[in-house]
Amino acid sequence: MRVKIFSDKKLAARAAADQAVNVINEAIAVKGKARIIAATGASQFEFLDELTKTPRIDWSKVEMFHLDEYLNLSESHPASFRKYLRERIIEKTGIKRVHLLDGESNSADVIAEVTAEIRKAPIDVAFVGIGENGHLAFNDPPADFETNEAYIVVELDEACRRQQFGEGWFKSLDEVPHRALSMTVKQVLKAKEIIAMVPDARKAAAVSTCLHGEITPMAPASILRTHPNTTIYLDQDSASLLKPEIVEELSR
C-alpha cells in the first residue's frame, strides 16, 4: 500500500485521476479495453470531475461496474447511486458498457446477472473510498472478509446511515435505507489496482483506524493493506490523525 498526502483535496483528486488515466490507458494499450469499478459519494466529487474532463481516455473502450446501491430506492431519488453514476460519469464521457445495480429489482437476479459479467475477465482498477465507519463499499463493520460471492445484500449500520444523511442525500435519518447491494470485500480485492480517494476531516478517524490498527472486519478498509497495488489519496485533513512513522513508512 502507498499513501499520498496533499495540501487539499483538489490536488489529491488531480493526482489520483492522473494515476487512473495511466492505468486505464495501459490496459487499453495491452488488451484493447479496460474494466473499472466506480465508487460514489461526496468524497469522490473532485476525483470524478478530474477523471471525466480529461481528453486522454477513449471511453468507448472502457467497461464500468457499480460498487453498491441502496435497496428499494428509486433511481430518481437524489441519493440513488445509479443517478449519481449517470450524471457524474456516463453522461459526461459517453461510456456505453456499464453494469449498474438495480436496487428496485429482485436482488438475487441482479446479483446473478452482474456477477456473471464481472467474472468474465479481471478488473484493471477499482476506485473506492473509505466510509466514516471504515466501510469498504457498503461492507460495514463487522464486514464479511470470507464470502466468495461477488455481490451480497448487506445491512447498513447506523454510523453509515448517519453519514449518508450528513452528506445531504436524504431529508432525514429515517429516510435512509437499512439495506443495500454491495460488492464484497474479496471482489474489490480482485482488482489488479485499487485507487482510494479519501479526503476531508470527517474521514480522519477511519483512516487512522484502518492504517494504524490490526486488519480486522471491524475496520473493513484495513483489508486494503493486504492488496499488492493500492494507493490511498488523502488531504491534510483526512491525514491529520496519522502517526508520522506510519506516514513515512507508507509514503515510500
Is it true that a side-chain atom of E69 and a backbone atom of S182 form a donor plus acceptor pair closer than 3.5 Å? no
Within 45 degrees of the ring normal and closer than 6.0 Å to the centroid, is that where the cationic atom of R162 sits relative to F165?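 Not satisfied by the 6.0 Å and 45° rule.
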Might you point out which heavy atoms bring I130 and A206 nearest each other, and give the distance in Å? CG2-CB, 4.2 Å
With distance as the sole criterion, is a donor-acceptor pair present between the side chains of E63 and H99 under 3.5 Å?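 Side-chain D/A pair, E63 to H99: present.
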Test salt bridge (Lys or Arg N to Asp or Glu O under 4.0 Å) applied to E175 - qualifying residues, sequence neighbours left out: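 Result, salt bridge (Lys or Arg N to Asp or Glu O under 4.0 Å) vs E175: none returned.
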Check for a donor-acceptor pair, side chain of H135 on one end and backbone N or O of P220 on the other, with a separation under 3.5 Å. no
For Q19 and Y233, test the side chains for any donor-to-acceptor distance below 3.5 angstrom and give the result as yes or no. yes
Would you compute the distance between atom CD of E87 and atom OG1 of T52 and round it to the nearest 0.5 angstrom?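 Separation between the atoms: 12.5 Å.
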Of all heavy-atom pairs between G129 and A39, which one has the smallest distance, and what is that distance? N-CB, 4.2 Å
Is L51 reachable from I95 through a run of I, L, V, M, F, W or Y residues, each pair having side-chain heavy atoms under 4.5 Å apart? yes
Check this for me: E26, atom CD, are more than 12 non-hydrogen atoms of other residues, nucleotides or ligands nearer than 6.0 Å?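 No, CD of E26 has 12 or fewer neighbouring heavy atoms, counting only those of other groups under 6.0 Å.
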Answer with yes or no whether the hydrophobic clustering places I111 together with L100; edges join I, L, V, M, F, W, Y residues whose side-chain heavy atoms lie under 4.5 Å apart.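 As far as the 4.5 Å side-chain criterion goes, L100 and I111 are not connected within one cluster.
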Shortest non-hydrogen contact from E155 to D140? O-OD2, 3.9 Å
So F138 and Y70, would you call those rings parallel, tilted or perpendicular, with 30° and 60° as cut-offs?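 F138 and Y70: tilted rings.
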Results of salt bridge (Lys or Arg N to Asp or Glu O under 4.0 Å) for E149 - residues two or more places apart only: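 Salt bridge (Lys or Arg N to Asp or Glu O under 4.0 Å) check on E149 returns nothing, list empty.
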Quick one, R179 with N72, criterion side chain to side chain donor-acceptor pair (under 3.5 Å). Give me CA distance, side-chain angles, the key distance, then yes/no. CA-CA 9 Å; R179 305 174 79 212; N72 303 315; over 6 Å; no
Non-hydrogen atoms of L173 and R161 that approach each other most closely: O-NH2, 2.8 Å
Hey, are E46 and K10 close enough for a salt bridge, meaning a charged N less than 4.0 Å from a carboxylate O? no
Would you say I194 ends up clustered with F47 if hydrophobic residues are merged whenever their side chains have heavy atoms under 4.5 Å apart, either directly or through other cluster members? no
State whether a side-chain donor-acceptor pair under 3.5 Å links S238 with D235. yes
Could you check whether atom NZ of K190 has more than 12 heavy atoms from other residues, nucleotides or ligands sitting under 6.0 Å from it? yes
Test of understanding: with salt bridge (Lys or Arg N to Asp or Glu O under 4.0 Å), list the residues that count as partners of E132, not counting sequence neighbours.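 Counting only residues at least two positions away or on another chain, E132 forms a salt bridge (Lys or Arg N to Asp or Glu O under 4.0 Å) with R202.
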Answer yes or no: is there a donor N or O on one side and an acceptor on the other, between the side chain of R225 and the main chain of C210, under 3.5 Å?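 Yes, R225 side chain to C210 backbone: donor-acceptor pair under 3.5 Å.
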Who are the side chain to side chain donor-acceptor pair (under 3.5 Å) partners of K186, not counting sequence neighbours?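 Result, side chain to side chain donor-acceptor pair (under 3.5 Å) vs K186: N148.
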Using 30° and 60° as the class limits, which term best fits the ring planes of W169 and F45: parallel, tilted or perpendicular? perpendicular
For S222 and T216, indicate whether the former's side chain and the latter's backbone hold a donor-acceptor pair under 3.5 Å. yes
Point-to-point distance, once rounded to the nearest 0.5 Å, from NE2 of H66 to CG of D102: 10.0 Å
Mark yes or no for whether N25, through its side chain, and R56, through its backbone, hold a donor-acceptor pair below 3.5 Å. yes
If Ile, Leu, Val, Met, Phe, Trp and Tyr residues are connected whenever their side-chain heavy atoms lie under 4.5 Å apart, and connections chain through other members, are W59 and I37 in the same group?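 Each belongs to a different hydrophobic cluster.
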Which heavy-atom pair separates F81 from D68 by the least distance, and what is that distance?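 Reported closest heavy-atom pair: CD1-O, 3.3 Å.
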Gap between atom CG of D200 and atom CD of E167 - 0.5 Å precision: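 Answer for the CD-CG pair, E167 versus D200, is 8.5 Å.
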Any side-chain donor-acceptor pair under 3.5 Å between S172 and D174? no
Pairwise side chain to side chain donor-acceptor pair (under 3.5 Å) hits with a residue in residues 107-116, at least two apart: none
Should we count NZ of K31 as having more than 12 external heavy atoms under 6.0 Å? yes
Answer yes or no: are there more than 12 heavy-atom neighbours, outside K192 itself, under 6.0 Å from its atom NZ? yes
With sequence neighbours excluded, what pairs up with R86 under the salt bridge (Lys or Arg N to Asp or Glu O under 4.0 Å) test?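 If we apply the salt bridge (Lys or Arg N to Asp or Glu O under 4.0 Å) test to R86, skipping adjacent residues, the hits are E75.
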Is it true that L85 and V114 fall in one hydrophobic cluster, defined by side-chain heavy atoms closer than 4.5 Å? no
Say whether N139 and D144, considering side chains only, have a donor N or O and an acceptor N or O under 3.5 Å apart.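 Note: N139 and D144 side chains miss the donor-acceptor criterion.
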Please report the closest heavy-atom contact between A137 and M183, naming both atoms and the distance.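 Closest approach of A137 to M183: CB-O, 3.8 Å.
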